[in-house]
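Naming: A, B, ... by sequence-line order, numbering from 1 per chain.
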2 protein chains.
Amino acid sequence: MFTSEKEYLKHYNIHDYDVPLVSVDIAIFTLLDGKLHILLVERGDFPQKGRWSLPGGFINQQQDKDLHATALRKLTEKTGVKTPHLEQVATIGNTKRDPRGWSVTVLYMGLIPYAPTADFIETVADARWWPYEVAIKQNLAFDHIELVTQARERLRVKSGYTVLPVYVLNAPFTLTQLQQAFEELLGTEIEKKSFRRRIQAADLLEEVGEGLPEGGRGRIAALYRPRKGSEQHAFIRAFGGSEED
Amino acid sequence: MFTSEKEYLKHYNIHDYDVPLVSVDIAIFTLLDGKLHILLVERGDFPQKGRWSLPGGFINQQQDKDLHATALRKLTEKTGVKTPHLEQVATIGNTKRDPRGWSVTVLYMGLIPYAPTADFIETVADARWWPYEVAIKQNLAFDHIELVTQARERLRVKSGYTVLPVYVLNAPFTLTQLQQAFEELLGTEIEKKSFRRRIQAADLLEEVGEGLPEGGRGRIAALYRPRKGSEQHAFIRAFGGSEED
DNA sequence: TTAATTAAGTGGCAATACGCCAATAATATG
DNA sequence: CATATTATTGGCGTATTGCCACTTAATTAA
């Protein structure tokens, strides 16, 4: 049909292809009052106007150089929040998830120390942090309940063999605060000595003096922050009874 | 603008959206003569005609009910091969990967016991198993060298904490054959006793008599196959010194 | 038939890591 | 100063790991 690459590209037109709608959705988690929270937005337009959903949207082919950039842009536009950790979880595409037909979404999961949402936000009616357990009882837009659940599961599993939970804390923090973050994100208790042994063996934190956390009592504690240049998603030995997928 | 969901959907037209091209690519691995091989196809049409690439292609909105179905269909159409294990690895989308502009691909990784490719294959000039080390020295189409590398890395990491390598063997197999598969997929040697202890502790295989593998010498070995209903991607304790990401 | 070779499978042990819990240290509060 | 609270460390029985040599069972060569 075509005789050269150049010739082909001259005649290429995306409308000759049967392309589905592609979007990016972001599940951002934080810790607030010791409880896991997730950031949701209230949809300001159709479809699904008025329902709560994950922040997200479409690729802007002019502005975004890649998918990661799309995710960061959408998050900021819709919530005013910036995240220090963002990772891709999965891509879901099928005929049923959107009333408009075949649609594909790339799901991201992010972690952030608690920060309030912006007052002025684009195209959404509201943006709010919800306690996770409350959020999943809402009647979320599209298939977002499944996306939220998948992101939560990734967070839980990965908290078992990395130090990802450091991203929901503001540095510096104490080991006890870190342990509480792990416990909330893992959904299980950890034995104190085992926790400290493992965190210290991983050697991903550095001590930065000591102090008492806000209104604390009892013995003064050592304060830590993530060691510069260390990969907080690097494998460390698993906590507790490891199982599942 | 619109007054109801129904009204909105009546006026919805995908061409009002700025959508990129979306494809699916599949990296299928097998073991042949004890060496890791990957299945590549030679492109029969522009763009990148004549170059080797991962099998893959576009979603067919009529035929495919979801992305997984697209991946399975493309694999069979282009290579004649069917895989017992297929998992999503990542989604890559940016402006640079395709000369046609912004493009998104969903990358899958599959494992299969060695099977020859079909004689009659659609839209590709050829489909062949390549030794992995040879494949990555080819000048592959688009950014497929990166896709191949990402899939290989997923395979390597996941072989460390699951029994995925069983999928490159035909059952029944001996523990020594399985160990050799692990070693090739992990890229590292494993101590025999430790290997057996862990595999047996995982309890994912069942013994099905004993025999000698094809042309074997030495003591007769017990033969195993995956236990029915067991999840071969379930976590088991990691092999060897665990590190990295 | 016997000895040598090859490969499977097991035994055993020192070193390490883990779970558990109690002791000690350092601070705030009454 | 006594008590409560929280951080940090010590210690120990048990489980797991890495390592290597030994035994078993088959084939092959002499």
Side-chain angles (χ1 to χ4, degrees), chain A residues 34 159-163 166 169 171-184 186 188-225 235-243, chain B residues 34 159-163 166 169 171-184 186 188-225 235-243:
Chain A
S159 294
Y161 59 83
T162 67
V163 291
V166 301
L169 296 179
F173 45 79
T174 68
L175 287 183
T176 300
Q177 289 175 315
L178 183 60
Q179 180 173 347
Q180 287 165 351
F182 266 92
E183 289 177 337
E184 176 66 12
L186 277 170
T188 157
E189 312 246 297
I190 309 172
E191 204 283 323
K192 184 165 53 168
K193 186 71 182 291
S194 303
F195 178 76
R196 283 158 182 261
R197 261 197 300 238
R198 274 160 160 160
I199 290 295
Q200 276 162 354
D203 196 34
L204 295 169
L205 303 181
E206 62 184 357
E207 205 178 325
V208 288
E210 45 181 37
L212 273 185
E214 186 95 6
R217 333 190 336 148
R219 178 171 169 180
I220 204 170
L223 296 172
Y224 296 86
R225 69 171 172 217
F235 272 55
I236 65 173
R237 241 184 292 274
F239 287 113
S242 72
E243 6 58 38
Chain B
S159 295
Y161 61 83
T162 67
V163 292
V166 301
L169 296 179
F173 45 80
T174 68
L175 288 183
T176 300
Q177 289 175 316
L178 183 59
Q179 179 172 346
Q180 288 165 351
F182 266 92
E183 290 176 337
E184 176 67 11
L186 278 170
T188 155
E189 312 247 297
I190 309 172
E191 203 283 323
K192 182 166 57 165
K193 187 71 183 290
S194 303
F195 178 77
R196 283 158 181 260
R197 263 197 299 238
R198 274 162 159 157
I199 291 295
Q200 277 161 353
D203 195 35
L204 295 170
L205 304 181
E206 61 184 357
E207 204 177 325
V208 288
E210 44 181 36
L212 273 187
E214 186 95 6
R217 312 156 39 112
R219 180 170 168 180
I220 205 170
L223 297 171
Y224 296 85
R225 69 171 173 218
F235 271 56
I236 64 174
R237 241 183 293 275
F239 287 113
S242 71
E243 4 59 38

If we only count heavy atoms from C-beta on, is the [X] to [Y] side-chain gap below 4.5 Å?
X	Y	value
A:Leu223	A:Thr174	yes
A:Val166	A:Tyr224	no
A:Leu178	A:Leu205	yes

Look at the side chain of B:Lys193 and the base of D:dG18, then say whether one donor and one acceptor between them are separated by less than 3.5 Å. no
Between the base of D:dA7 and the side chain of A:Arg219, is there any donor-acceptor pair under 3.5 Å? yes
Side-chain donor or acceptor of B:Gln179 paired with backbone N/O of B:Ile190 under 3.5 Å: yes
Under 4.0 angstrom between [X] side-chain N/O and [N] OP1 or OP2:
X	N	value
A:Thr176	D:dA7	yes
B:Ser194	D:dG18	yes
B:Arg197	C:dT10	no
B:Arg217	D:dA25	no

Could you state the [atom1]-[atom2] distance from [X] to [N], rounded to the nearest angstrom?
X	N	atom1	atom2	value
A:Glu191	D:dG13	CD	C1'	14 Å
B:Gln200	D:dT17	CD	C1'	16 Å
A:Arg196	D:dG10	CZ	P	13 Å
A:Gln179	D:dT9	CD	P	14 Å
A:Ile199	D:dT8	CD1	P	13 Å
B:Lys192	D:dC20	NZ	P	13 Å
B:Glu210	C:dA8	CD	P	13 Å
B:Arg198	D:dT17	CZ	C1'	7 Å

Which class fits the ring pair B:Phe182 and B:Phe195: parallel under 30°, tilted 30 to 60°, perpendicular over 60°? perpendicular
